[in-house]
Amino acid sequence: MNQRAIAAIAALSLTTIGIGLLKTAASADLGSAAQTAQSDQHLREPMFGFTLDGEIINPRCLDLLQTSLAETTPIILRSLVLETCQTSELAHAGQDYAIDSNGSVFYVADPENPRSFFGYRVLGRTEDDRFAVYHNGTIGLYQLETASITFDFLDGEAETVQVLTKLSESFTPCFQSGRVDERDRLIAQLERYEPNAPRSEQCTGEIEVIQHQL
């Protein structure tokens with residue numbers, strides 16, 4: 001079984017919080033404007049600037065940057081224009097996002113389908129403006145930068161936009177918490193992962209801390 005296949009299994013078992021939130025999503029009105037505005041205000045600081053014009057980035061936009069867990073090749077570099085994604089029809093489902101108690105932004109495209117859950121948590125920002133973001137069993141590195149883009153080549157008029165690029169990712173099973181320190185090191189707390197154990201026992205409960213220079 002390749003690593004991506006293992007990741008697919010682990011992602012289902014390791015996002016217990018997300019799966020549990022499906023029941024909440026099915027009964028709650030995630031589109032409540034007042035609730036979303038209050039949640040936005042609550043989360044704005046922990047986002048480390050991972051926002052667009054002060055607003056939380058639509059989780060569907062991040063979801064669109066993910067490659068399939070079945071892929072056996074290295075990450076496929078992807079970018080998108082946030083201004084056009086944020087409220088687009090393509091990202092429509094993610095507009096009804098919510099925020100859980102640990103600060104994760106999530107949405108559920110189909111409350112009847114656990115696989116339609118996607119959530120992300122910003123762990124920190126490096127000095128050169130790369131963001132470490134945890135989502136569904138992996139930690140991804142993202143770049144948010146200003147670019148000049150001509151959408152209509154016949155018109156020829158360029159627009160200044162914010163472009164989000166996924167640079168890389170690392171499979172991180174049994175993730176508990178993480179942060180980026182002042183030396184641009186990722187410090188993460190995990191449960192020791194045993195891939196050959198039954199699914200419910202793959203996260204052993206034994207805590208370990210890893211450090212990695214970003």
Side-chain angles (χ1 to χ4, degrees), residues 1-19 21-22 25 30 43 47-48 50-52 55-100 102-126 129-145 162-175 178 180 186 188 190 193 195 212 214:
M1 185 180 294
N2 62 42
Q3 187 184 46
R4 287 287 180 174
I6 294 173
I9 295 172
L12 289 177
S13 60
L14 302 177
T15 53
T16 306
I17 293 175
I19 302 302
L21 287 169
L22 288 172
L30 300 182
L43 190 62
M47 295 296 284
F48 302 97
F50 194 70
T51 56
L52 177 66
E55 298 299 323
I56 291 171
I57 292 175
N58 185 336
R60 174 61 172 155
C61 293
L62 256 70
D63 198 3
L64 290 170
L65 292 175
Q66 310 311 311
T67 51
S68 168
L69 289 171
E71 289 286 354
T72 57
T73 56
I75 184 173
I76 300 171
L77 192 66
R78 292 182 173 182
S79 300
L80 55 77
V81 177
L82 279 179
E83 282 90 344
T84 54
C85 177
Q86 191 82 330
T87 57
S88 67
E89 186 63 30
L90 185 63
H92 175 73
Q95 292 180 46
D96 292 334
Y97 67 80
I99 302 167
D100 68 17
N102 67 11
S104 294
V105 184
F106 72 93
Y107 84 102
V108 183
D110 179 3
E112 301 299 321
N113 179 11
R115 294 175 182 270
S116 71
F117 168 89
F118 180 84
Y120 73 87
R121 188 191 324 171
V122 183
L123 305 180
R125 180 180 189 169
T126 66
D129 293 333
R130 288 171 296 142
F131 295 88
V133 181
Y134 172 76
H135 40 55
N136 291 21
T138 65
I139 295 176
L141 280 181
Y142 293 83
Q143 189 89 47
L144 181 58
E145 56 191 345
Q162 293 295 308
V163 174
L164 180 64
T165 302
K166 185 177 182 182
L167 302 173
S168 62
E169 70 175 15
S170 180
F171 176 51
T172 316
C174 305
F175 176 86
V180 176
L186 173 66
L190 321 167
Y193 174 58
H212 183 74
L214 297 176

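Since this is a predicted model, take the numbers as computed values, not measurements.
- Note that OG1 of Thr172 is 8.5 Å distant from CD of Glu169, once rounded to the nearest 0.5 Å.
- Exactly one residue among Phe106, Tyr120, Tyr142 makes a ring-ring contact (aromatic ring centres under 6.0 Å, His included) with His135. That residue is Tyr142.
- Note: Thr51 OG1 to Leu82 CG = 9.5 Å, rounded to the nearest 0.5 Å.
- Leu62 has its side chain within reach of Leu164: a pair of non-hydrogen atoms, C-beta onward, lies under 4.5 Å apart.
- Proximity of Met47 to Ile56: side-chain heavy atoms (C-beta onward) are separated by under 4.5 Å at one or more points.
- The side-chain heavy atoms of Arg125 and Phe50, taken from C-beta on, include no pair separated by under 4.5 Å.
- The nearest pair of heavy atoms linking Leu123 to Gly178 is CD2-O, 3.7 Å.
- Annotation: the span from Thr87 atom OG1 to Leu90 atom CG amounts to 11.5 Å, rounded to 0.5 Å.
- Smallest separation of non-hydrogen atoms from Leu64 and Cys85: CD1-SG, 4.1 Å.
- Between Phe118 and Tyr107, the ring planes lie tilted relative to each other; the angle falls in the 30° to 60° range.
- Separating the OG atom in Ser88 from the CD atom in Glu83 is a distance of 12.0 Å, to the nearest 0.5 Å.
- Counting only heavy atoms from C-beta outward, the side chains of Arg78 and Thr67 approach each other to under 4.5 Å.
- Separation of the Phe131 and Phe48 ring centroids does not fall under the 6.0 Å cut-off.
- Between atom OG1 of residue Thr138 and atom NZ of residue Lys166 there is a gap of 5.5 Å, rounded to the nearest 0.5 Å.
- Side-chain contact check for Leu80 versus Cys61: some heavy-atom pair is nearer than 4.5 Å.
- Without hydrogens or angle criteria, Gln162 side chain to Leu144 main chain gives no donor-acceptor distance under 3.5 Å.
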